[in-house]
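All values below come from the heavy atoms of this structure, side chains included, with hydrogens, waters and symmetry mates left out.
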Amino acid sequence: QAELRRRAGIKFKHASRMFFTRQLLEQATDDQIAGYKAQRWPVDGRLADLCCGIGGDLMALARRGPVAGIDRDPVAVVLAAANCRTAGLTSAEVQLADACGQDLAAFVAWHVDPDRRVEGKRRTRVECHEPDLDALERLLARNHQAAFKLAPAAGLPASWLEAAELEWIGNRGECRQQMVWFRDLARDPGKRLATVFVAGQAEPRTIRGGAGVETPTAEALGRYVFEPHAAVLAADLTGVLASQHSLHCVSPG
């Protein structure tokens, strides 16, 4: 725990008093991203955080109101409950249960972080996650006020691309996750965003637009060569970024 707490210091403000396993720490949303994401959620009514892990997103949601954290891993449930107590969050309750069996109609909105390391191997295909694509579709049919935390490279069904707002979030130099926002949680359905946290700045920077915007090729290199952030690349918003700042690419594509 001492070693894990040391590593967790870059992700959690109260890391020195929290509890982790190695894998659950790697999978957890950090304080900064979780707090940013929580701003979208309603403050009235009960929320659900499915596959809550050690409670990264759960704790942020609990600061807005009552929330149920649900996980089928008994170790995760014990650690999430302990971490919520450490943070003094009495509005969070943690349950040992299967996410797929939940009555989501009892919640105003819900969040899920499917397990992407089934059988110990990291997978980007949503069909290989737990809950898998079919299970997520069934859960969504029960309550459309939902948000999915997925791998940055996860491919999505065409119906999601039209109905949801997609957001790739970057922090500490990497693209950390892809958020799929549905119904009222989506501010601009059908669009995509790249949100990047910059060291030393409280608020992140965000660009939004459509994918695949072409970038003109430079006739010659200028004084600076820029590399788009990994979140911008994952969101396929390089063309939008280049257009906003009058940038050109060094070669076609």
Side-chain angles (χ1 to χ4, degrees), residues 7-12 22-40 53 56-57 60 111-117 121-126 128-129 147-157 160-161 164-181 186-188 190-218 221-253:
R7 293 187 181 187
I10 62 172
K11 298 183 77 170
F12 296 103
R22 191 177 307 278
Q23 180 170 318
L24 291 175
L25 171 58
E26 292 176 356
Q27 295 174 329
T29 302
D30 64 54
D31 278 340
Q32 198 168 29
I33 292 178
Y36 163 77
K37 287 164 53 177
Q39 296 174 19
R40 288 208 188 206
D57 285 297
H111 172 275
V112 64
D113 180 7
D115 185 3
R116 299 189 289 275
R117 298 193 184 189
K121 185 177 181 180
R122 192 191 302 267
R123 301 175 186 272
T124 58
R125 293 182 59 211
V126 183
C128 300
H129 294 175
F148 299 169
K149 172 189 169 185
L150 303 175
L156 307 182
W160 293 9
L161 299 179
E165 181 181 41
L166 310 182
E167 182 174 18
W168 284 260
I169 306 178
N171 198 5
R172 303 188 306 280
E174 296 183 19
C175 184
R176 300 293 172 179
Q177 57 187 259
Q178 176 185 178
M179 286 300 301
V180 186
W181 302 99
R187 294 169 179 160
D188 198 356
K191 295 294 185 180
R192 50 182 60 204
L193 297 79
T195 297
V196 176
F197 286 88
V198 181
Q201 297 186 15
E203 296 299 322
R205 296 185 179 184
T206 297
I207 63 169
R208 69 178 63 229
V213 175
E214 293 189 8
T215 306
T217 304
L221 293 182
R223 184 176 182 183
Y224 297 100
V225 176
F226 297 95
E227 172 72 9
H229 191 280
V232 177
L233 295 173
D236 195 12
L237 292 176
T238 301
V240 175
L241 181 68
S243 176
Q244 290 179 358
H245 297 279
S246 301
L247 302 176
H248 295 70
C249 58
V250 297
S251 63

Going by atom types only, do D113 and Q27 share a side-chain donor-acceptor pair under 3.5 Å?
no
Who are the side chain to side chain contact (heavy atoms under 4.5 Å, CB included) partners of A230, not counting sequence neighbours?
C175
Residue list, side chain to side chain donor-acceptor pair (under 3.5 Å) with D31, at least two apart or on another chain
none
Between W168 and A234, the two heavy atoms sitting closest are CD1-CB, 3.5 Å
Set of side chain to side chain donor-acceptor pair (under 3.5 Å) partners for D236, sequence neighbours left out:
none
Residue that, paired with T238, satisfies side-chain contact (heavy atoms from CB on, under 4.5 Å) out of L247, I207, V232
V232
Taking only distance into account, with no hydrogens and no angle test, what donor-acceptor pairs under 3.5 Å do side-chain atoms of residues 211-218 form with protein atoms, sequence neighbours excluded?
none

Strictly by side chain to side chain donor-acceptor pair (under 3.5 Å), give each pair with a member in residues 223-232 just once, sequence neighbours left out.
none
Say whether, by atom type as modelled, one donor and one acceptor occur between the side chain of Q178 and the main chain of A151 under 3.5 angstrom.
yes
Chi angles and distances behind the side chain to side chain contact (heavy atoms under 4.5 Å, CB included) call for K11, L25
CA-CA 9 Å; K11 298 183 77 170; L25 171 58; 4.1 Å; yes
Under 4.5 Å between any side-chain heavy atoms of F197 and I169, yes or no?
yes
Of all residues at least two apart in sequence or in a different chain, which pass the ring pair (Phe, Tyr, Trp, His ring centres under 6.0 Å) check with F148?
W110, W160, F182
Could you tell me if the side chain of E167 sits less than 4.5 Å from the side chain of R40, heavy atoms only?
yes
Looking at every non-hydrogen atom in both residues, tell me the closest pair between L193 and L237 and how far apart they are.
C-CD1, 3.8 Å
For residues 241-253, which residue pairs pass the side chain to side chain donor-acceptor pair (under 3.5 Å) check, not counting sequence neighbours?
none
Please, which pairs that meet side chain to side chain donor-acceptor pair (under 3.5 Å) have at least one residue in residues 204-213, sequence neighbours excluded?
E165-R208, T195-T206
Minimum heavy-atom separation for A231 and V196, please, with both atom names.
CB-CG2, 4.1 Å
Using a 6.0 Å cut-off, check whether atom CD of E203 has over 12 heavy atoms from anything other than its own residue.
no
With sequence neighbours excluded, tell me which residues meet side chain to side chain donor-acceptor pair (under 3.5 Å) with R7.
E3
Roughly how far, to the nearest 0.5 Å, is the CZ atom of R192 from the CE atom of M179?
15.0 Å
Listed by chain and number, what are the side chain to side chain contact (heavy atoms under 4.5 Å, CB included) partners of D57, not counting sequence neighbours?
T29, A34, K37, D49, H111, K149
Using the test salt bridge (Lys or Arg N to Asp or Glu O under 4.0 Å), find all partners of R172 that sit at least two apart in sequence or belong to another chain.
D30
